[in-house]
Structure formats: C-alpha cells, structure tokens
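The block underneath contains the structure these notes are about, expressed in structure tokens.
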There are 4 protein chains.
Amino acid sequence: MTDQCRPGRKRSEQSRLAILTATLELVEEAGYGALTIEGIAARSGVGKQTIYRWWPSKADVLLDAIATTADIRAPEPDEGSFGADLALFLEHTYEMSTESRVADTLRALMAQAQIDPGFRKRFCEDFLFRRRDALGKVVERARERGELPAGVTPDTVTDLVFGTLWYRLLATREPIGQELAAELVALLTRQGASNAEIR
Amino acid sequence: MTDQCRPGRKRSEQSRLAILTATLELVEEAGYGALTIEGIAARSGVGKQTIYRWWPSKADVLLDAIATTADIRAPEPDEGSFGADLALFLEHTYEMSTESRVADTLRALMAQAQIDPGFRKRFCEDFLFRRRDALGKVVERARERGELPAGVTPDTVTDLVFGTLWYRLLATREPIGQELAAELVALLTRQGASNAEIR
Amino acid sequence: MTDQCRPGRKRSEQSRLAILTATLELVEEAGYGALTIEGIAARSGVGKQTIYRWWPSKADVLLDAIATTADIRAPEPDEGSFGADLALFLEHTYEMSTESRVADTLRALMAQAQIDPGFRKRFCEDFLFRRRDALGKVVERARERGELPAGVTPDTVTDLVFGTLWYRLLATREPIGQELAAELVALLTRQGASNAEIR
Amino acid sequence: MTDQCRPGRKRSEQSRLAILTATLELVEEAGYGALTIEGIAARSGVGKQTIYRWWPSKADVLLDAIATTADIRAPEPDEGSFGADLALFLEHTYEMSTESRVADTLRALMAQAQIDPGFRKRFCEDFLFRRRDALGKVVERARERGELPAGVTPDTVTDLVFGTLWYRLLATREPIGQELAAELVALLTRQGASNAEIR
DNA sequence: GCATAAACGAGACGGTACGTCTGGTCTTATA
DNA sequence: TATAAGACCAGACGTACCGTCTCGTTTATGC
C-alpha cells in the first residue's frame, strides 16, 4: 500500500514530530512573525534541508502542525433540523477557536494566504474549502427542507456564517459564544418553518 | 494655530507623495510580498531614513498611501430606511473593492495586521473600527425605527455585514455584487416592517 | 586692517571653543574611532553646518583642538652643544606625549593622514614638517660645529630621531624616557667631538 | 591530527582567494579609505556574511591579503657580521616597500591599528612584532660579537631601525634606498669592530 | 555481505532586505 | 550673514534568514 519500495533510508517520523512540535512552541512563544525555518531547525535539532525537503514553506509546516495536533476537521452534523445542525457546527467551531493556540495559528495562516499565492491555493483546498463544503451540505439539506429564509441562496448563507466567524477571529477578536450562535440560528432559520416541521 | 514655529527644514511634501506613489506602484506590479522599504526608497528617489522617520513599517506606508489616494472613508448614508442605507453602503464598498488595487491592498493590510501586533492596533483604529462605527450608526437608527429582525442585536448585524464582505475578499475572492447586496438587505430587514412604516 | 568689514553676523568664538572642547572630551572618552561630526555638534550644542563651514574634516577639528589647547609647537633649543639641544628637544617631546590625551590624538591624526590625502597635506604642513624643521635647524648647527658622526647626513639624523619617537608612539607604545634620550644622544654625537670643541 | 572531522560543508578556498584578490584590487584602485566590505563582497561575487564569518574587520582581510600574496615575512640573515646582516635586512625591506601596493597597504594597516584596538593587537602579533623579533635576533648576535656601538641597548637599535623605516613610510614617504641603508650600517656598527674581528 | 541509494545533522555558500548610522547638503526661523 | 535645528539623499554598516549546496554519517533495499 504505502509501500516504501525505493531503497534508501526512510523518512524519520521522529524528526517530523520534532519539527511540528517546535513550530507550535515557537509560534506560541513569539508569534508567527518571529517564526523562521532557521529557528524551527535549531529548536528541533534538525537540518534545514530536512524541512525544505518535506514542506514548501513555513506556513505549510504550521498548517501541518495544527492539523496533526488539533481537530480542525469540519463536522457535518445531521440532526434533522437546520437550527440544530448549525448550532452544532458553531459549537464545534467555538471549541476549536477558544484554544488560543489554534486561533492564533488560523489567523496567521489566513494572513499568509493573502501574501503567498502558492500557499493560498493549498490552504484553500486543504482547509478552507473543505470546511465550506461541510457546511454547504448542511445548508443544502436545509434548503431542500425549506428551512431557509426567503430571498437568500444557500451559498450566501454559508458565506454569511463563515464571514461572521472569520471577521470575529481576524478583526474584533471576540470569541464566538452561544449568544452569537443563537442569533445566527434565529436569523438564518425561516420563522415558523422548522418549528412547524418538528411538530 | 498649529504653526510650525520650530526652526529647521520642513517636511518635504514632495518626498511624501513620491513615497506613497511608489508604494502603490510597487504593490500593483509585484504584490505586497515583494514590497520592501529598500524598493520604495529606490523607486521614489528618497533616502531610506526618510521613510523610517515618518512611518513605523511598510504596512503603515501602504495604509497611508491607500488612504491618501483612494476614498476608503466610510459613508454614513441616511436615506430614511435601513434597506436603502444598507444598499448604499454596500454599493460604495463594492465600488471601492472592484478596483483590484484597493482590494489587493486591503487584503495585504488585513494580513499584516494578523502578523504585526503594532500595526494591528493602528489598522483597527485608523481604518477598521472607523468603518465599523459608520455602519454601526446606520444600524442603530434602524433599531430605533424597529427595522431590525427579531432576536438579533445591532452589533451582530454589523459583524454579519462586514464579515460577509471580508470573507468574500479574503477567502473566496468573489466580488460583492448587487445580488449579494439584495440578499443581505432582504435578510437583515424585518419583513413588512419598513413597508408598513412607509405606508 | 583685515578687520571684519563684511556685513552679517560675526563668527561665534563661543561656538568655536565649544566645538574644540567637545571634540577633545569625546576623543578622551571613547577614542578617535567613535568621534563623529554628529557627536561633536550634539555635545557642543552647535549645528552641524557650523562645523562643516570652518573645518574640512573631523581630523582637522581635532588637530585644531589639540593645537589650541596643548603646546605642541616644536621648540628650537640652542644650548651650545648638540647633545644638550637634543636632550632638551627629547625632554619636551617626552612631556608632551606623557599626557595620554595628546599621545592618543597624535596617533589618531597620523593614522588619519594615511587614509585621507587631503588631511595628510595639512597635517604635514601644519604640524609634522614644522617640527621637523625645528629639529633640522638644531642638527644643522651640529653639523656646522662638526658634532655629527661620520657618514651620516643631517637629514638622516632627523629621520632617525623622529622615527624612533613615532615608532615608540605608534607601535610599541612605550614612553620615551630619559634612558632612550641618553642613548640617542650617545649614538648621534661624535665621540669626543663636542667635548673637544667645548674645551 | 588537525583533521577536519566536523560535519558540514568545508570552507571554500575559491571564495577565500576571490575575497583576498578583490581586496587588493580595490585598495590599489581607490585606496584604503574607499575599501568597504560591501565592495569586496560585490567584486568577489561573495556574500557579505562569508567575509564576516572569517575576518573580524576589513583591515584583517587586507592584512591576510597582503600576507598571502606578498612576501612580507621578515628574513633573519646570518652573514657573519652585523653590517652585512643589517644591509640584507634593509634591502629586503626596501624591495618590499618599493611595490607601491605593499607600501600603501602597510600605511593603511598601521593607521587602522591606531584606530581599532582589536586590530591593533592582531596586527602587532601577526606582523609587527614578528618582524621586530627577526631583527632582534640579528641585533642580539651583533651584541654577542661586540659589534654594537657603546651605550646603546639592542632594543634601542631595533627601535631605531624600524622607527626610521616607518617614519619614512608614513611621514616623508621617501623610499629607503641604499644610501640610507649605508648610513644606518655606518652609524650602528662600532667603528673598526667587525673589521677587526674578521681579520 | 556489499554495493546502491536516500534521508539525516551540520554548516558554509551567494543573496536580499533589514533597521541604524554617519556624511555632507539644504532649508527654515532667529539673532 | 552666521547660527541652531533639523529634514534630506546617499550609502556602508553588521545582522538575520532565505533557499541551495556540500559534507560525512546513518539506515534501508536488493544484488
């Protein structure tokens, strides 16, 4: 399967973990701005080439580090009603972003994606759009059930939810608590619709 | 009043403009990632010290450049109804961000704000929160008139609008067209409310 | 005669002295390498232009400072015998160079003269050759009296004396004491000659 | 023994030579005052860090360059008589300093030694005192043979010779020809002494 | 076993840009 | 006109990292 049919030494899992750990430590200590490949190599006791061999940029190392450590995969709840699904999705997001380590990292990665086009592509495909698709399916189910407000497309609903989350993360830095979740659910659920169906 | 009663040569407005112009040109040509103080100085025919004297970082130069050149000030429309105000606000934002120069710059500045805490403060105070307050007043008037949907605070409405705009700018990079504006207006205006009052 | 018949403000003697004083203080505190026009201006409370107006380089300021303050003019002793004249000359030089401030400055000026051709010319004319001529006259008188050793021209004698002094100053940094003076007198005085003539 | 058992890439001899060559060229073209690390790096096609890694200052680069290229090592002649030894020593010095490149460089290095205490130490140990010791041995042999004039210590003789050479180099800039050499030999050799012993 | 081959640590290399410093020049308000 | 103040252009300073390139060493595979 993942057969290593080539000759030569195998990739060292120990080095890989040391690199990812060192990366997270350094970001936590001094912020993404102070993160350097040189520093990661020094901290993890690894040659620089070993990092360049396996990751295209320091942002990719960080993305890998946070993906390996924290659970940043998007859930696809299916509770029967859009309100419940959305609430669950927001709750997971909330829990993820309360860990300041995760929140700081997400900020840095989104920032780097704006500056480095190469990383932008990978970040979107590996993380951003994956989460978007997850929520997209939830919203699509809601549309089929007629739970969405009138005059709003599913895509716009998704943009709205993620937009609010990211704006809070990047601009105001206020946590996304239960009140906001409740407000979003209230706003994005057609009045009476879901209630009617539940009954 | 604020007379320059000190001795010594005055700040050269010519140099200031040359710096801001060169900055915008360079960002346009090669992107924010390739923008350097060294490059700005060379392009504008200015000593590096002259830049360091007046701006704390290259991001601040760029913020100044975009603020001096483009009209990024937030309008505070007062058309009588929340729907009309919001539509006007979104239209202005749309026009601003269609200029790719402005959009690219805003992306870069928001990115830098995530990486550089010092710049983050200045960016929020000088630009981000200024726009937020402008829309905030519009929303507040809507609340007083009872035009907002139930179960949603004015602050959340503001976050929602800006969140959607920034998410589109940073993540999907789709322009904010009239359709989205219409959807936002439809969603954030209490059904029947404004119509009822107009009658 | 050459009175200040020109219009305008007169040169400020106060500033001149402040500059020279500050220069000596700065050299004493941190050495010639740390001496800057900027620093002199700051310490003396003077505009940089005032320094550039009156001196061609910081070395010239220092030369002026040491010339104004210390007695570095060459004496031309005439005691009747070459041995006595030379001893007196060496003694004066010794006293001058024991003041570490003067010695340090002379080292710095000789160094600067090697690096800056313009200053070299002024340093030679205003200081170095002036002293050389002074000793030259003493040696010439000795030659006329037949006090010099055979096979050595007066110029060589002068070179020899100054050479030894400067070598001690620049290379070994050993002070020029009475022993050395005695040795030089012994070596450069024709054995028996002066004694014989005195009788 | 002194095996290069450390891991990592070895120092590039090619870069080293390129740096030394470029340094000599630049000094020859524009003088020591115009010599800069930046310029050496540019001319030799080398990163600045490579220079800073191996030499503490540009003066050290120049010292290394002249030591590698020219034969500035002091000879220790042993011809049997002090007169012959001294003449040979002076001749070698003369030949060395007729090359204006060498003379200019020696001037610059002696100058820098006055300004930079760190370099002064290295310059003395690696060059100045090494030459001094070489002549010192010659003089010592002369003392043992009783060839020195009365009333003069061997150290003083050495100071006298080097002093004259350096004074000519730094101050008068007259070359040290055969006449001066003959005069020095005449003055520093006890009359009749060596001749008497040879017979 | 023994060649071949890849990954590893170390670290030197050519570069770019950094932010600071000094040098000289120019401009302004005051004396 | 000289002065103190200070902004200006220019460019070298020494540092930090970049991404690449040897090195000698350490595993693995496959003959």
Side-chain angles (χ1 to χ4, degrees), chain A residues 3-12 14-16 34-42 44-54 56-58, chain B residues 3-12 14-16 34-39 41-42 44-54 56-58, chain C residues 4 6-12 14-15 18 34-39 41-42 44-54 56-58, chain D residues 4-12 14-16 18 34-42 44-54 56-58:
Chain A
D3 236 340
Q4 196 63 24
C5 283
R6 291 178 306 165
R9 190 172 174 176
K10 276 177 192 154
R11 177 170 182 182
S12 158
Q14 186 181 324
S15 289
R16 182 177 173 270
L35 184 68
T36 63
I37 300 274
E38 207 108 28
I40 297 171
S44 59
V46 141
K48 285 201 296 176
Q49 194 67 266
T50 301
I51 301 178
Y52 283 113
R53 208 189 327 266
W54 303 109
S57 77
K58 67 175 181 176
Chain B
D3 239 337
Q4 226 13 61
C5 283
R6 291 181 308 164
R9 191 173 177 173
K10 275 176 191 156
R11 177 170 182 184
S12 160
Q14 185 181 325
S15 289
R16 182 176 172 270
L35 184 68
T36 62
I37 299 274
E38 208 111 30
S44 59
V46 141
K48 287 201 296 176
Q49 198 59 43
T50 302
I51 301 178
Y52 284 112
R53 207 192 324 270
W54 301 109
S57 78
K58 66 175 181 175
Chain C
Q4 201 59 21
R6 290 179 303 169
R9 190 171 171 176
K10 276 177 195 155
R11 177 170 181 184
S12 159
Q14 186 182 325
S15 289
L35 185 67
T36 62
I37 300 275
E38 207 108 29
S44 60
V46 141
K48 285 201 297 176
Q49 196 61 19
T50 302
I51 302 177
Y52 283 112
R53 210 190 325 268
W54 301 108
S57 77
K58 67 175 181 178
Chain D
Q4 224 18 55
C5 282
R6 288 184 309 163
R9 191 173 174 173
K10 276 177 191 155
R11 178 171 182 183
S12 160
Q14 186 181 323
S15 290
R16 182 176 172 270
L35 184 67
T36 61
I37 299 274
E38 208 110 29
I40 298 171
S44 59
V46 140
K48 286 202 294 177
Q49 198 57 43
T50 301
I51 302 178
Y52 285 112
R53 207 189 327 266
W54 301 109
S57 77
K58 65 175 181 176

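Chain letters run A, B, ... following the sequence lines, proteins first and then strands; every chain starts at 1. This is a predicted model, so every value here is computed, not measured.
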As an exercise, state the distance from OG of D:S44 to CZ of D:R16, rounded to the nearest 0.5 Å. 13.0 Å
Length of the CD-C1' vector between A:E38 and E:dG9, whole Å: 14 Å
Looking at E:dT20, F:dC18, F:dA4, which one has an atom nearest to any side-chain atom of B:K48? E:dT20
Would you please confirm or rule out a distance under 4.0 Å between OP1 or OP2 of F:dG6 and any side-chain N or O of B:W54? no
Nearest listed nucleotide, side chain of C:T36, among F:dA4, E:dG23, E:dA17: E:dG23
For D:K58 and F:dC13, is the shortest distance between a side-chain N/O and OP1 or OP2 below 4.0 Å? no
Looking at every heavy atom in both A:I51 and A:A41, which two are closest together, and how far apart are they? CD1-N, 3.8 Å
Quick note, B:R11 side chain, CB onward, closest among F:dC8, E:dG23, F:dG24 is F:dC8
Answer yes or no for B:R11 and B:W54: cation-pi contact, defined as NZ/CZ to six-membered ring centre under 6.0 Å and angle to ring axis within 45°. yes
Which sits closer to the 5' end of DNA chain E, C:Y52 or B:P56, going by the nucleotide each is nearest to? B:P56
In whole angstrom, what separates D:I40's CD1 from F:dG11's P? 18 Å
When we call it a touch if two heavy atoms are under 4.0 Å apart, what does B:G45 touch: a base, just sugar-phosphate, or nothing? sugar-phosphate
To the nearest angstrom, how far is C:I51 atom CD1 from F:dA5 atom P? 12 Å
For F:dC8, does the base pair up with any side-chain atom of B:Q49 as donor and acceptor (N or O, under 3.5 Å, distance only)? no
Return the 5'-most residue of the pair C:A41, B:S12 with respect to DNA chain F, ranking by each residue's nearest nucleotide. C:A41
Per atom distances to the D:P7 side chain, the nearest of F:dC8, E:dG9, E:dT25 is E:dG9
Whether C:S15 contacts F:dT3 is assessed here as follows: a side-chain N or O lying under 4.0 Å from the phosphate OP1 or OP2. Is that the case? no
Side chain of C:I37 - closest among F:dT3, E:dG23, F:dG14: E:dG23
Testing F:dT3, F:dA12, E:dC8 for proximity to the side chain of C:R53, the answer is F:dT3
F:dA5, OP1 or OP2 - any side-chain N/O from B:K10 closer than 4.0 Å? no
Using only modelled atom types and a 3.5 angstrom limit, is any donor from either the side chain of C:R9 or the base of F:dA2 paired with an acceptor on the other? yes
Residue mapping more 5' on DNA chain F - nearest nucleotide basis, B:R16 or D:L35: B:R16
Spatial distance of atom NZ (A:K48) from atom OG1 (A:T50) [nearest 0.5 Å]: 11.5 Å
Out of curiosity, D:R6 CZ to D:K10 NZ, how far, rounded to the nearest 0.5 Å? 11.0 Å
